[in-house]
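Every chain is numbered from 1, with letters handed out A, B, ... down the list of sequences. Keep in mind the model is a prediction, meaning the values are calculated, not measured.
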Amino acid sequence: MSTEESIRDIRLGKLARMRELGYDPYRVEKWKLTDSADALLEQFEDGREVSFAGRIVSYRDMGKAGFAHMSDGDGKIQGYFRKDELGDDLYEVYKLLDLGDHIGIEGKLFVTKTGEQSIHVSSFHPLSKALHPLPLGKEKDGHVFYGLQDVETKLRHRHLDLMSSKEGRAKLLNRARIVSAVRAYFDGQGYLEVETPVLQMEAGGAAARPFMTHLNAYDVEVKLRISLELYLKRIICGDVPKVYEVGRVFRNEGVSYKHNPDFTLLEFYEAYANLEDMMDHVENCFKYVALAVFGGTKVDLPHQDGYVTVDFAEPWARIDMLDEISKHTGVPREQLLDLKTAVEALGDGVRVNAVTGKKVIPSDERNLGGLLEKLLEVYVEPTLILPSFIVGYPLETSPLAKKDPNDPRFTRRFEGYVLGSEVCNSFSEINDPIDQRERFEFQVGEAEAGDEEAHPMDEEFLYALECGMPPTGGCGIGLDRMAMLLTGSNTIRECLMFPFMRPEKDQKEDEN
RNA sequence: GGGUCUGUAGCUCAGCGGUAGAGCAGUGGCCUUUUAAGCCAUUGGUCGAGGGUUCGAAUCCCUCCGGACCCA
């Protein structure tokens, strides 16, 4: 028998004894909470009668008296238990408590001899029994000893991380608050939150490989959505002028420090608005979220070995894509306007960004758009530390964006960057159904040429456009990325309660 | 896919060729204002898996299986 199993047996024995004494933890449904632990300490009033409940995170037994700290998750408060006041039975129950149990207590606020504001417990009841030892570290002056270190354990058993790590907990809760603040921003702007299908016959709106599944009722193959875009624009076509959706999307691609197979996307669309209006929304939304979640527009973000202070009250830089590529590669703007001249100017073989080590092989690219996006990634993105909009994406890689009337090889599209990472993608939406059909046809050609991420044809969407869509601005923000950025996280996993994990070995064997 | 680490008790880690260790947690005892409580005693391990080298392997070598970080 393993140690943990024997501990479980011992604790089951303690549970049985609690029941014999008339204190079954699981029989209680409710406990009055006068206030949170932090609030009780902040508004401390000696002698005040209070009721509180929480998980035992420290426990000291001294024979006929004892101290224990109860945590409500965010804060903790100490209780003082005396045998002569609780009586023999209830004090025996106190002796049967373990670190990790939940209890509810009643008593009076008081200050101990050593000056800690505590609760002098007059009565208590166990509310749950922890049958497993929990990784509750000891703590002294804010320094935690013996916490949970193993990253895999934190991810696979997130409840242990949430209860034991202040930092991990703060990131995950702030992520939830960020999403909530995003909704509040758009609600406040008169947008309507809508929901669109996750199961789709064609997964469009982005360049990605979808997950496939099967719908039994109609015996058809269906796909999980990779974006929210096309359905939201069909709602715009129905004359609902401001809509947004916060939705889970699924991309069957690599898993990395910034990619999870399913993630949370915000998309918002506004009729009679263009991409400059979308820029305003992005700036205002980040500012609103920073204020709501962090209490100020200035946020310190970890960058390289130090921190960069970003003030989201400041407007974002607006930078022309082609100019910026020209600046960082030394290739004149005119030569970047054509695939042939661009490849000639860049030369044969591999081009390496000396600063970052990132590489591009210009002659591998099939079209100008692909080359320009690659050059952007290798040479420009790492330099976009302060919030910036890159404007003017090439036609081939932007199948849903309006052509730039001044140069139809480019589109009215921008992406936003902070700390070198993309945070949003936006454009003035195509509302010309003929143009849109041509773009889809080009994409179908790309798919036939072997591009697995090319956009599929979508007749129902085209029908909606043919019925008339007003000029519309649209934008997507990856909320996991946004949360990573604002919480200073190095990996997307820190911002997801339950990131996708490789199945554990015995789990795989069970399935076979 | 490439590189650098890494897997030892429930947790945090040490041991790096010679009888498997510590602290915490657990268990038993003492203690009615402790707080990383203290004191005494004590339980607990296929050292990730398999193979090899060796008189002898947690330790060295190989192959797997996990994990972390950096790079594509």
**Request:** Could you work out the separation of B:A9 and B:A14 based on their C1' atoms and round it to a whole Å?
**Result:** 13 Å
**Fill in**
Side-chain atoms of A:K64 come closest, of B:U27, B:G67, B:U32, to B:U32
**B:G1 versus B:C16 - spacing of their C1' atoms, nearest Å** = 32 Å
**Item:** Touch class at under 4.0 angstrom, heavy-atom based, for A:Q149 against every strand present
**Value:** sugar-phosphate
**Prompt:** When you measure from the side chain of A:R493, which nucleotide among B:A68, B:G67, B:G26 comes out closest?
**Reply:** B:A68
**Request:** Report the distance from atom CG of A:L97 to atom P of B:A25, rounded to the nearest whole Å.
**Result:** 16 Å
**Request:** Could you tell me the separation between the OH atom of A:Y94 and the C1' atom of B:C31, rounded to a whole number of Å?
**Result:** 13 Å
**Message:** Under a 3.5 Å cut-off for both contacts, is B:U54 paired Watson-Crick or G-U wobble with anything, and if yes, with which nucleotide?
**Reply:** none
**Request:** Return the value, rounded to whole Å, for the distance between atom NE2 of A:H157 and atom C1' of B:C11.
**Result:** 13 Å
**Request:** With C1' as the reference atom in both, quote the distance from B:U43 to B:A22 in angstrom, rounded to an integer.
**Result:** 16 Å
**Message:** Heavy atoms only, 4.0 Å cut-off, all strands: where does A:G147 land among base, sugar-phosphate and nothing?
**Reply:** sugar-phosphate
**Request:** Have a look at A:T491 and say if it touches a base, only the backbone sugar-phosphate, or nothing, with a 4.0 Å heavy-atom cut-off.
**Result:** sugar-phosphate
**Fill in**
Rounded to whole Å, the OH-C1' distance (A:Y146 to B:A37) equals 14 Å
**Asked** How many Å lie between CG on A:D364 and C1' on B:A72, as a whole number?
**Response** 14 Å
**Asked** Counting just side-chain N and O atoms, does A:K14 come under 4.0 Å of either OP1 or OP2 of B:U27?
**Response** yes
**Prompt:** On a whole-Å scale, what distance lies between the P atoms belonging to B:C47 and B:U4?
**Reply:** 28 Å
**Item:** RNA chain B: 5'-proximal contact among A:L99 and A:E494 (nearest heavy atom)
**Value:** A:L99
**Message:** Under a 3.5 Å cut-off for both contacts, is B:G23 paired Watson-Crick or G-U wobble with anything, and if yes, with which nucleotide?
**Reply:** B:C11
**Asked** Just checking A:K76: base, sugar-phosphate only, or nothing, at a heavy-atom cut-off of under 4.0 Å?
**Response** nothing
**Asked** Which nucleotide sits closest to the side chain of A:V151: B:U27, B:A68, B:U32?
**Response** B:A68
**Message:** Please check this pair: side chain of A:K374 against backbone of A:E365, looking for a donor-acceptor N/O pair closer than 3.5 Å.
**Reply:** no
**Request:** To the nearest Å, give me how far apart CD (A:E85) and C1' (B:U33) are.
**Result:** 12 Å
**Item:** Euclidean distance for P, B:C60 against B:G17 (whole angstrom)
**Value:** 7 Å
**Request:** Establish whether the base of B:U34 is bridged to the side chain of A:Q78 by a donor-acceptor pair shorter than 3.5 Å.
**Result:** yes
**Prompt:** For A:N353 and B:C71, what is the distance between atoms CG and P respectively, to the nearest whole Å?
**Reply:** 13 Å
**Complete:** Applying the 3.5 Å cut-off to both distances, the Watson-Crick or G-U partner of B:C5 turns out to be B:G67
**Asked** What interatomic distance, in whole Å, is found between C1' of B:U19 and the corresponding atom of B:G56?
**Response** 12 Å
**Message:** Quick check on B:A25: is either OP1 or OP2 less than 4.0 Å from any side-chain nitrogen or oxygen of A:K138?
**Reply:** yes
**Prompt:** Is A:R413 positioned over the aromatic face of A:Y393, cation under 6.0 angstrom from the ring centre and no more than 45 degrees off axis?
**Reply:** yes
**Request:** For the pair A:Y94 and A:F124, name the ring-plane relationship: parallel under 30°, tilted 30 to 60°, perpendicular over 60°.
**Result:** perpendicular
**Message:** If stacking means aromatic ring centre less than 5.5 angstrom from the base's six-membered ring centre, planes under 30°, is A:F67 stacked on B:U34?
**Reply:** yes
**Asked** With under 30° as parallel and over 60° as perpendicular, where do the rings of A:W316 and A:F389 fit, or are they tilted in between?
**Response** parallel
**Asked** Using a cut-off of less than 4.0 Å, is there contact between a side-chain N or O of A:R60 and OP1 or OP2 of B:A37?
**Response** yes
**Prompt:** Touch check for A:L136, heavy atoms < 4.0 angstrom, all strands: base, sugar-phosphate only, or nothing?
**Reply:** nothing
**Message:** Among A:R17, A:K14, A:K83, exactly one meets salt bridge (Lys or Arg N to Asp or Glu O under 4.0 Å) together with A:E92. Which residue is that?
**Reply:** A:R17
**Asked** Base, sugar-phosphate, or nothing for A:T112, non-hydrogen atoms under 4.0 angstrom?
**Response** base
**Message:** Assuming nearest nucleotide by heavy-atom distance, tell me which of A:G63 and A:L148 is located more 5' along RNA chain B.
**Reply:** A:L148
**Item:** Nearest-Å distance for atom pair CZ/C1', residues A:R351 and B:A72
**Value:** 19 Å
**Prompt:** So what does A:Y59 touch, heavy atoms closer than 4.0 Å: a base, only the sugar-phosphate, or nothing?
**Reply:** nothing
**Message:** I'd like to know if the side chain of A:E106 pairs up with that of A:S122 as donor and acceptor (distance under 3.5 Å, no hydrogens or angles considered).
**Reply:** no
**Prompt:** Is A:D84 touching bases, backbone alone, or none of the nucleic acid, heavy atoms closer than 4.0 Å?
**Reply:** base
**Asked** On a whole-Å scale, what distance lies between the C1' atoms belonging to B:G29 and B:G18?
**Response** 38 Å
**Item:** Salt bridge present between A:R481 and A:E415 (N-O < 4.0 angstrom)
**Value:** no
**Message:** Would you measure the distance from the P atom in B:A68 across to the matching atom in B:C62 and give it in whole Å?
**Reply:** 24 Å
**Message:** What I want to find out is whether A:R169 reaches A:D161 closely enough, with some N-O distance under 4.0 Å, to be called a salt bridge.
**Reply:** no
**Asked** Using a cut-off of 4.0 Å on non-hydrogen atoms, how would the nucleic acid contact of A:K113 be classed: base, sugar-phosphate, or nothing?
**Response** base
